[in-house]
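Contents: one structure, followed by commentary.
Note that these values count all heavy atoms, side chains included, but never hydrogens, waters or copies made by symmetry.
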Amino acid sequence: MGIEIFPGAVQFNFPEEVAKKTIRLVNESNKTWVDSSVGSGTVAKHIRSSLSFDLDALEISKNEIRPILYDCVKKYSNYYETPIYRDESLNLLRYESYDKYEYHVDYGGNMRRSVSCLIYLNPGEYSGGGTNFKHFNYTINPESPALVLFPSNYPYLHAAEPVSEGVKYIIVTWMYDESENLLSTQSCSCQ
């Protein structure tokens, strides 16, 4: 398994060549970035100011990123004895100077997520932009591409700190421990 950061949070290495290729393909794509939303699809730039790109629109999502993600999720699932059956779509976020996402949890209301996933693609190419976990008084700011998994519930209240210089690229998705499939999710061969 990867390195346990604090109880329930694990960091894995992510291949640098896949990280760089992802950023290149997105930047070469003719698909558009949209304002990132909060909760049920509301854009609230005072809370979340990044841009979002539907990464599932590109083949790299299915062919290269998901196999790595599912391998890490399987290790996480086995270690914590948490069954994982499916994930939401992969979204690439772009944080430029002063972009941030205030403290939030990824679970609640109709979002019954179990495990949150962050894939840092270009650490070292920006300043600031760490992910701070309020209740653990800990900030994740990897030095090389990394995949981080942690529970989506309230104890894992977290914020994307403002980027002070450069551009941060990070993939986000959320995993579910329920087996029924929804139209907007991908089956996870983690069991």
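Formation of a donor-acceptor pair under 3.5 Å by the Asn122 side chain with backbone atoms of Val167 is found in this model. Although no hydrogens or angles enter the test, the distance criterion places a donor-acceptor pair under 3.5 Å between the side chain of Lys100 and the main chain of His46. Between the side chain of Asn27 and the backbone N or O of Ile23, at least one donor-acceptor pair lies under 3.5 Å. At least one donor-acceptor pair closer than 3.5 Å links the side chain of Ser164 to the backbone N or O of Ser127. In this structure, Arg48 contributes its side chain and Val38 its backbone to no donor-acceptor pair below 3.5 Å. Checked by atom type and distance alone, the side chain of Thr22 never pairs as donor or acceptor with a backbone atom of Lys20 at under 3.5 Å. Panel note: side chain Thr173, backbone Glu88; a donor-acceptor pair is recorded below 3.5 Å.
A salt bridge is absent between Glu17 and Lys21; no separation between the charged side-chain nitrogens and carboxylate oxygens falls under 4.0 Å. No salt bridge links Glu125 with Lys168; every basic N to acidic carboxylate O contact stays at or beyond 4.0 Å. Comment: Asp56 engages Arg66 in a salt bridge, judged by a side-chain N to carboxylate O separation of less than 4.0 angstrom.
A perpendicular orientation is assigned to the rings of Phe133 and Phe136, their planes being inclined by more than 60° (bins at 30° and 60°).
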Evaluate side-chain hydrogen bond (donor to acceptor under 3.5 Å, both in side chains) for Ser36 paired with Ser50, printing each intermediate quantity in order.
CA-CA 6 Å; Ser36 298; Ser50 62; 2.7 Å; yes
Passes side-chain contact (heavy atoms from CB on, under 4.5 Å), Leu92 versus Leu121? Steps please.
CA-CA 9 Å; Leu92 178 63; Leu121 296 180; 3.5 Å; yes
Derivation of the side-chain hydrogen bond (donor to acceptor under 3.5 Å, both in side chains) call for Thr131 and Tyr120
CA-CA 10 Å; Thr131 305; Tyr120 298 82; 2.6 Å; yes
Quick one, Glu4 with Tyr79, criterion side-chain contact (heavy atoms from CB on, under 4.5 Å). Give me CA distance, side-chain angles, the key distance, then yes/no.
CA-CA 11 Å; Glu4 188 171 43; Tyr79 184 80; 4.2 Å; yes
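The neighbour count for Glu143 CD, taken as heavy atoms of other residues, nucleotides or ligands under 6.0 Å away, does not exceed 12.
No donor-acceptor contact under 3.5 angstrom links the side chains of Tyr176 and Arg112, judged on distance only. Asp106 and Tyr156 are not linked by any side-chain donor-acceptor pair at a separation below 3.5 angstrom, with hydrogens and angles left out of the test. Counting only N and O atoms by type, the side chains of Ser116 and Ser152 include a donor and acceptor under 3.5 Å apart.
Ser29 and Phe53 get closest at one heavy-atom pair: OG-CZ, 3.8 Å. When all heavy atoms are compared, the tightest approach of Pro123 to Pro142 is CB-O, 2.9 Å. The shortest non-hydrogen separation linking Arg94 to Asp99 is O-OD2, 4.0 Å. In plain terms, the two heavy atoms of Leu90 and Ser61 that are nearest each other are CD1-OG, 3.3 Å. Smallest separation of non-hydrogen atoms from Asn91 and Asp54: OD1-CA, 4.0 Å.
Residues Leu118 and Tyr138 are members of one and the same hydrophobic cluster, defined by side-chain heavy-atom contacts under 4.5 angstrom among Ile, Leu, Val, Met, Phe, Trp and Tyr. Residues Val115 and Ile68 are members of one and the same hydrophobic cluster, defined by side-chain heavy-atom contacts under 4.5 angstrom among Ile, Leu, Val, Met, Phe, Trp and Tyr. Linking ILVMFWY residues whenever their side-chain heavy atoms come closer than 4.5 Å, directly or via other members, places Leu69 and Leu25 in the same cluster. Transitive grouping of hydrophobic side chains (ILVMFWY, heavy atoms separated by less than 4.5 Å) keeps Val34 and Leu58 in distinct clusters. Taken together through direct or relayed side-chain contacts under 4.5 Å among Ile, Leu, Val, Met, Phe, Trp and Tyr, Tyr98 and Ile47 form parts of separate hydrophobic clusters.
Interatomic distance, OG of Ser114 versus OH of Tyr80, reported as 14.5 Å (0.5 Å rounding). Summarising the geometry, atom OH belonging to Tyr169 is positioned 7.5 Å from atom CD belonging to Glu96; distances are rounded to the nearest 0.5 Å. The distance from atom CD1 of Ile65 to atom CG of Asn63, rounded to the nearest 0.5 Å, is 10.0 Å. Residue Cys72 holds its SG atom at 4.5 Å from CG of Leu147, rounded to the nearest 0.5 Å. A distance of 10.5 Å separates CZ of Phe6 from CG of Asn137, quoted to the nearest 0.5 Å. Rounding to the nearest 0.5 angstrom, the gap separating the OH atom in Tyr76 from the CG atom in Leu149 is 6.5 Å.
The aromatic ring centroids of Phe150 and His158 lie less than 6.0 Å from each other.
Contacts of Asp35 classified as side chain to side chain contact (heavy atoms under 4.5 Å, CB included), with partners at least two apart in sequence or in another chain: Val43, Lys45, Leu51.
The closest side-chain heavy-atom distance from Met1 to Phe12 is below 4.5 Å. Counting heavy atoms from C-beta outward, Tyr85 and Met175 have side chains that stay 4.5 Å or more apart.
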